[in-house]
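One structure is given below, encoded as C-alpha cells.
When reading the values below, keep in mind they use all heavy atoms of this one structure, side chains included, and skip hydrogens, waters and symmetry mates. The model shown is predicted, which means the values in this text are computed figures rather than measured ones.
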Amino acid sequence: MPQKAFPVSQTSSTGASQVDLGSLPEWNLTHLYPGMESEAFKNDLAKAEAECKAFAEAYRGKLDNMVRAENAPQALTDVIKRYEALEDLLGRIMSYAGLVYSGDTTDPVRAKFYGDTQERLTAASTELLFFGLELNRIDDAVLDKAVSQAPLSHYKPWIEDLRKDKPYQLDDKIEQLFHEKSVTGRSAWNRLFDETIASLRFDVRGEELPIEPTLNKLQDTDESVRKDASDALAKTFKENLRTFTLITNTLAKDKEISDRWRSFQDVADSRHLANRVEREVVDALVAAVREAYPRLSHRYYALKAKWFGKDKLDHWDRNAPLPKVEQRTIPWNDARDTVLSAYSAFSPKMADIARRFFDEGWIDAPTRPGKAPGAFAHPTVPSAHPYVLLNYQGKPRDVMTLAHELGHGVHQVLAAPNGALMAPTPLTLAETASVFGEMLTFRRLLDQTTDPVQRKAMLAAKVEDMINTVVRQIAFYSFERKVHLERRNGELTADKLCELWMSVQDESLGPSIRLGEGYETFWTYIPHFIHSPFYVYAYAFGDCLVNSLYGIYERSNEGFVDRYFALLSAGGSKPYGELLAPFGLDAKDPSFWQIGLSMIERLIGELEAMEKAA
C-alpha cells in the first residue's frame, strides 16, 4: 500500500470550493508488509502460529521448576525474551491487519482479511495463555528472589505488573475459553459497530454524507447548516437505534459475565486494574470534576450564549465558531508547520521525532468514505513505528487534533526501546503527551496573536476543547456507569439508554444548553463505549495532569524537558506515581485535581474580563 498524496478542496455548505487543503498524505503500510497477499505477511503468520506452539511445548508446566533452579535468573530471562519476540511478531501482524481495515471498514476484502487474521492469531496466542498464568502461580518469595538478580531484574517491572492480575485470573481452561470465544463475542460486536458506523449516510440538504463530514458541519459558521446536520445525525441514529441498543446491551452483559467470574467488585474495576490506578484516585477525579461543572461548563456556556445573543444555546451550537469571527480553512502544510514549530520551541528533539511522521509516510490524513472516523495514533510494535490516522478537514480543531495525535506518536516512539512487554503505557499517562502537545501548540499560537477578536476566539476554542476533554469525558464515564449498573437488572430499552444519556448531559452541560429533540440518540456513535469501556476518564486524567505539568513548566522550566522526556521514555516500566514524583505531583492528593481544573477556570475568567472590557 504505497504512500500517495492528493489535493483536497474544503467545500462549504453551499458546495462552493474554498481554500485548497493541499496534498493530504496517506500512510505507507509497506513498512509493515508489502500487501495483504504478500509472501512476507503469509510467512510471518505461519511463523507466528508455529512459534506459539513451539513455545508452549518447550515451557508449559516447567516454569515453577525453572525458577527454583540455580540458573533461574538467566533461564527465565531467556524464556521471557523469546515470549517478548513473539509478542512483537503477533503485534506486527495484527497491527497491519487493523490499519488496513481502518482505511476502509466497508470494503469486504479488507474486512475478511482483518477477520481471518484475528481468528488465526487468537487461536495461535491461545498457546501462550499458560505463560502468565504459570508465572503468577509461582510462590512470591521464590519469584522475588530470582527477579532481584540480573539479568532477570530487567523484567522486574513487567513481572510485578503481571502479578497485579493474579487475584483475578481463572483456571487455564476457562481462560482459554474466554480467549477463544472473544472472536465470536466482544470482538465480533466491536466489528459490527465499526462497520455499521462507517456505512451510515446522513442526508444534509440532499447530500448523502458519511459521519465525519456530517459531524464537521456542527462547526459551520451558518447556524442553519449546523441545525440541519444535527437533525440528519439524529434521524439516522434513530433509524439505527435497534442495532446500537443490541450492541450496547450485549457488550455490557458480556462484561458483567467476565467481571463476575473474575470477582471484580465495581463495574469499572477491571479498567482501573488495566490502567494501574486505584479506584479511589479515579473517584476523587470524578467527584472534583462534577463538583466543578457550575464553575466550568455551566459558566462558559452562559457566556457563549451571551455572545450569540441568546438566553440558551441549542445543542447544535455547543461547538459553533464565535459569531463575527473570520473562519480560516487551514491548509495541510500550514497545520504541519504550526505543530512542528510549537514542538521545536519546547524541544528540537520532540520536533525531530514528530517530523518523521510527515517525512516517512506515517500519517493518513484525508477523509474517505468507509474510513474509520475520528483520529488515533497506533503504536504498532517496538520493532516498527507508530502510525497516525486523521480525518483532516482544515478546521482549527483539526490542527489541534494533529498536535494531539503527534503527541501520542512521539510518546510511542520514545517508549519503544522498552520492548514489547514494557513499552505500552497505562491509560492514566497515555494521554499526557497528546494533551501536552495540544497545549504547546495552543500557547504558541496564542502568543503570536495580537488581534483581540482572534485572541478571544482562540481562548474560547481552547476552553471548549478542555471542557470536551474534562467535563464531557467525565459525563461519558458517568453515563457508562449508569448503563453497566442498570444492565445488571436486565436489558435496557433504547428509550432507557436515551434517558440515561440525557440525564448526564443535562447535568454536565448546564442550564445554558437546550438539549432539543433528537439529541437523546447521540450516545450511539461514541466508539469508546464499545471498544474500551470506561476508557474515557483517561482524557480528564490526562488534561488535569497536563495542566499541572504545564504550570510547572511555565513557572520554572529548568530541567523540565529532561524530566518530561524521562516520563515519556519510561513507557509502562514504572507506575504513574513514581513518574510524577520528580515534578512534585501526587494524584492521590485530593487537591491535585483542583490544580488542573483551576487552569480552565482562569481561561474562562480571562474571557469574562475581555467581555467586560469590550
Taking the inter-plane angle between the rings of [X] and [Y] on a 0 to 90° scale, is it parallel (under 30°), tilted (30 to 60°) or perpendicular (over 60°)?
X	Y	value
F358	W332	tilted
F479	W523	tilted
F376	W27	tilted

All side-chain hydrogen bond (donor to acceptor under 3.5 Å, both in side chains) counterparts of [X], not counting sequence neighbours:
X	result
D78	Q74
Y564	none
D352	R355
R260	E256

Pair [X] + [Y], salt bridge at N-O below 4.0 Å:
X	Y	result
D254	R487	no
R336	D359	yes
R92	D44	no
E480	K255	no
R368	E26	yes

Under 3.5 Å, is there a donor-acceptor pair between the side chain of [X] and the main chain of [Y]?
X	Y	answer
E405	A377	yes
K166	N136	yes
N391	G374	yes
T105	S102	no
Y477	Y535	no
S182	G185	no
N275	V277	no
K181	Q176	no
K371	L390	yes
Y343	A403	yes

[X] side chain to [Y] side chain, donor-acceptor N/O pair below 3.5 angstrom:
X	Y	value
H31	E360	no
Y101	E195	yes
H531	D194	yes
H272	Y537	yes

Please check if the distance between the ring centroids of [X] and [Y] is under 6.0 Å.
X	Y	result
H411	F436	no
F131	F55	yes
H484	F534	yes

Taking all non-hydrogen atoms of both residues, which atom of [X] and which atom of [Y] are closest, and how far apart?
X	Y	answer
L580	L545	CD2-CD1, 3.5 Å
E134	G61	OE2-N, 2.6 Å
P34	A40	CD-CB, 3.9 Å
Y168	S263	CE2-O, 4.1 Å
T106	G370	OG1-CA, 3.7 Å
L568	A433	CD2-CB, 3.8 Å

How would you list, by chain and number, every residue that makes a salt bridge (Lys or Arg N to Asp or Glu O under 4.0 Å) with [X], sequence neighbours excluded?
X	result
D139	none
R82	E51
E180	none
E37	K42

The criterion is side-chain contact (heavy atoms from CB on, under 4.5 Å); which residues satisfy it with D107, sequence neighbours excluded? D104, V109, R110
State which residues pass side-chain contact (heavy atoms from CB on, under 4.5 Å) with T380; sequence neighbours excluded, sorted by chain then number. L32, S95, L99, H378, A384, Y387
Derivation of the salt bridge (charged side-chain N to carboxylate O under 4.0 Å, His left out) call for D269 and R262: CA-CA 11 Å; D269 275 354; R262 295 187 184 282; over 6 Å; no
side-chain hydrogen bond (donor to acceptor under 3.5 Å, both in side chains) for H385 and Q412? Distances and angles first, verdict last. CA-CA 8 Å; H385 58 75; Q412 291 159 359; over 6 Å; no
Test side-chain contact (heavy atoms from CB on, under 4.5 Å) applied to L135 and L63, D64, V79, the passing residue: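 When side-chain contact (heavy atoms from CB on, under 4.5 Å) is applied between L135 and each of L63, D64, V79, only L63 qualifies.
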Residue from L143, V147, L152 passing side-chain contact (heavy atoms from CB on, under 4.5 Å) with V67: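 Result: among L143, V147, L152, L143 is the only option passing the side-chain contact (heavy atoms from CB on, under 4.5 Å) with V67.
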Measure the spacing between [atom1] of [X] and [atom2] of [Y] and express it to the nearest 0.5 Å.
X	Y	atom1	atom2	value
D116	M36	CG	CE	11.5 Å
L406	T401	CG	OG1	10.5 Å
L133	D172	CG	CG	5.0 Å

Which residue pairs pass the side chain to side chain donor-acceptor pair (under 3.5 Å) test when at least one of the two sits in residues 120-132, sequence neighbours left out?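 Sorted result for residues 120-132: E49-R120, R60-E127, S125-H179.
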Within a 6.0 Å radius of atom NZ on K145, are there more than 12 heavy atoms belonging to other residues, nucleotides or ligands?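 Atom NZ in K145 is not packed in, count stays at 12 or less.
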Decide if atom NZ of K164 counts as having more than 12 heavy atoms of other residues, nucleotides or ligands within a radius under 6.0 Å. yes
Could you go through residues 154-162 and list every donor-acceptor pair under 3.5 Å that involves a side-chain atom there, pairing it with any protein atom two or more places apart or in another chain?
unit_1	atom_1	unit_2	atom_2	d
Y155	OH	E84	OE1	2.7
D161	OD1	R276	NE	2.6
D161	OD2	R276	NE	3.4

Using the side chain to side chain contact (heavy atoms under 4.5 Å, CB included) rule, take T245 and L492 through it: C-alpha gap first, then chi angles, then the decisive distance, then the call. CA-CA 8 Å; T245 299; L492 282 71; 5.9 Å; no
Can you tell me which residue among F476, W189, F193, F244 is in a ring pair (Phe, Tyr, Trp, His ring centres under 6.0 Å) with F529? F476
